[in-house]
Amino acid sequence: MNDGRWRRDELAALTLGITEGRIDRRAFTRRALALGLSLPAIGAILTTYGAGAAVRAQEPTAPANPITVTVGGTPIAVAAQDIDGATPGGVFRYARAEDSNNLDPVTNDGNVNIWIFMNVYDQLVRVGSDGASLVPGLAESWEVSPDGVTYTFKLRPGVLFSDGTPLKASDVLYSFVRAANDPAETWTFTLTALQRDAAGQVQGITTPDDTTVVIQLAQPWAPFLSDVAMFNLSIVSEAFARGNEARLTQECMGTGPFVMAEWRKGEVIRLTKNPNYWEEGLPYLDEVQVFVVPDDNNRILQLQGGEIDGTYDVPASRVPELRQDPNLKVIEFPSTFSQYVTLNHRNPPLDDVNARLALQYATDKQTLIEVVLFGVGVEATSFMPKGALYWNDTLPGFPYDVERAKTLLAQSKTPDGFTLEIQTSAGSAEEEQLATVLKDLWTQIGVDLQISPLERSVVLDNYRSNAFQAQITGWTNDIIDPDELVAYAVLPESSEAYHTGWANPEAQDLARRGAAELDPAKRKEIYFRIQEIFNEDAVMLLLYHTPYVDVTTTRVRNFGHPPTGQWEWKQTWLEQ
Amino acid sequence: MATDLSSATATTGTSASADASAVVAAPLADATLRGAAAVRRPGLIRWRERNLIIGGTLIALIALVALFAPVIAPYGAQETDYAARLVPPGGDHLLGTDNLGRDILSRIIHGSRIDLRVGIVSVIFPLVLGVVLGSLAGYYGGLVDTFVMRLVDIVQAFPFLILIIAIVAVLGPGLRNMYVAVALVAWVSYARLLRGEILVAKHREYVEAARAMGARDVRVVGRHILPNVISSALVFAMADVILYIVLAASLSYLGLGERPPAPEWGAMITEGRTFLATAWWISAFPGLAIVLTGIAFSIFGDGLADALRPNRR
């Protein structure tokens, strides 16, 4: 997540969960987000249990009627669409800082890839554009058995891959089995609930006919529908890929709104309209061209000069200026990005909770947001993204209070302060500014912060091997159920709690129960308590959430960038 | 040297024509060796001095600024003022402030301590190492020469900056490691230079005379040869000072130099990178400081080269 890109989250309204999991830290770096959601998951389960109303009441940002959306089979009720007078046609030119490197959904952990191929592939279930709902994708409906272990998906009839071959249940089976057996195990943890035989092969997925897929889980698993909506379960054409899976890293064959027509490495990816796309009238655009322009200033100049129609990766410092430009729109999309400083509890002085608490209270988040983010961000009070599913809205966080910080430090084993080393990625202006402001703030309580900019790969290696005192880290959700983020943040087997070494038996027990618990009210209680414990122990320094910031020209309408991160261009259109 | 030669010829003797040609040839070769400048501007003594004086004065000024930085600088190097961020040049902040509200002028002044030190310290180790190894190679020749020169070839096979970056990346960021890297890499230029000079000088009569007097090798090289050949290395070192200041700046730019938030000039340029379009002063003024220091050492080096040449005659 902390891939140096500009994700910020203001998310006040997002309902999402997060996760990442026992993924190692690749995750950490770049992962990206993709995926799924859980409300729906819950919706489906609820349907079975008939408790839907209760959930809605707890989740004010949930779609008005999750149950209908989930099971009803109505395609896509997306919030806040700007499609009045939408005219089809046109080429949308977009620029970003970094090229893709692998377009295979199963082995992927890079936003640079996921955000692109999500326009080419569909999943059985998908996250609504509001990032808070689960809506039908290639499955027009599904049923969940009362015991929560049997899922029956009914495929949408008449769907064609972009090469004209029809989608069949066997393609779904192929895609699921491939994802669950990924030898690199990048994402297989999301599918641990799938039944396996003694040899570890996936069992229990059957296709009674060409339009039905039945999945039998080994145990009840609350986040399952969210996981189904995740990018690694993109439905790939079996005829295209079987026996030659390697081609999927460079080519795509999906049912999505666009076709990957050309990829000139380091230069441009051209996505053309899929003539066989199943959603009536979509996409509006004939073509999307995604250029690679590494230099921030160049991208902005090209945008201002009309050479491109939109861009991402805009430095925060340029945002105020771009807002003034009458020809441009600066769009802040709610994201799930959170910025933290992870603290290593294994050694003094950070093994002392009072020392960690002192740092929390000595950190002026408002100043950080103002200085580093130019105001584009909101203070974090929990390790979960603000507004996410089961985000604890009752936590006060750690309001800036130097006196309190001093008192806490006085009660710690290092009452006179200490020297602390923070590792940052060399070349990241934002991390360096962040660290510099922290150094400045912490001198007030006698903490001397040493900033060590290191090569990015060294920072990651140190993170994995716990060879750090403090590091700047971040998180972006891949699915909207909290299970995976909580696993990452709490359970020792995932990441040793963000590599902090923190081990709290109560929190660990709660995290395990949370994944298996199907009752939303109980889950909420569990996740609220976990967040409370996390803050009581001051596990990490919580900083802020930031939105995604895209800048486009004013003729670009209905540009989509949902909280799970991928760009959504199928409903984007250009004023003629 | 010329005196040595002529006295030697004078004392020797008989075969006049052969000796005369030797006498003529030697000074000519010397003149060519010593560089075109001396030939191009014969007699422009004043101009030479002017370079030395202007360069020297500029360097002295920079050194004074560095020495009295805390007194001169209006603000502290790390002093932040979040209410006065990105203030343009003028008023309270003569050269403006950066995005953390730090005064650019003050940071440049404090930074002069780092950059001047970097330039000078960086040059000392390779200079000493190169002079010693180059002298050994040139004076003894044979296996020693082969060994040293192969080492030189190996180091020179890699692009200078790439090698430095690689070494610093392995050792870890920071100025101390940069000194180590520079010492390991940059000595080769001095070794080559010295070896060449000594190869020529060791056959001169004054060297033979010293040997004939029974002087040991250390004395011959240290007292007789080095004083005559070191000047080119010193002039070269002046140019290198600038190179290393720029190198430190490059490494900071890559995040391999001084730790932030030290006000190293190169690091300041980097910090201003994202603000180039909106707050040019963050990067521009530290850049100017580097250019000025470069010019000072460059002029001084020129002056030094000119000044040292006549002394050799």
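Numbered from 1 within each chain, the chains take letters A, B, ... in sequence-line order.
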Is it the case that B/N99 and A/Q433 place a side-chain donor and acceptor less than 3.5 Å from each other?
yes

Would you say the side chains of B/Y82 and A/D364 form a donor-acceptor pair under 3.5 Å?
no

CG of A/L441 to OG1 of B/T80, rounded to nearest 0.5 Å, is 7.5 Å

Considering only heavy atoms, which portion of B/T278 lies under 4.5 Å from any heavy atom of chain A: side chain, backbone, both, or neither?
side chain

So which heavy atom on A/S317 is nearest to which on B/T274, and how close?
OG-O, 3.4 Å

Heavy-atom pair count under 4.5 Å with chain B, highest-scoring of A/N297, A/V437, A/L301, A/V458:
A/V437

For chain A, which of B/A169, B/P261, B/A279 has the most heavy-atom pairs under 4.5 Å?
B/P261

Is the NZ or CZ atom of B/R85 both under 6.0 Å from the centre of the six-membered ring of A/F374 and within 45° of that ring's axis?
yes

So for atom CZ, which belongs to A/R323, do other residues, nucleotides or ligands contribute more than 12 heavy atoms lying within a distance under 6.0 Å?
yes

Of B/D98, B/L276, B/L100, B/L86, the largest count of non-hydrogen pairs under 4.5 angstrom with chain A goes to B/L100

Would you compute the distance between atom CZ of B/R259 and atom CD of A/E421 and round it to the nearest 0.5 angstrom?
5.5 Å

Would you indicate whether the side-chain heavy atoms of B/R102 and A/T436 approach each other to under 4.5 Å?
yes

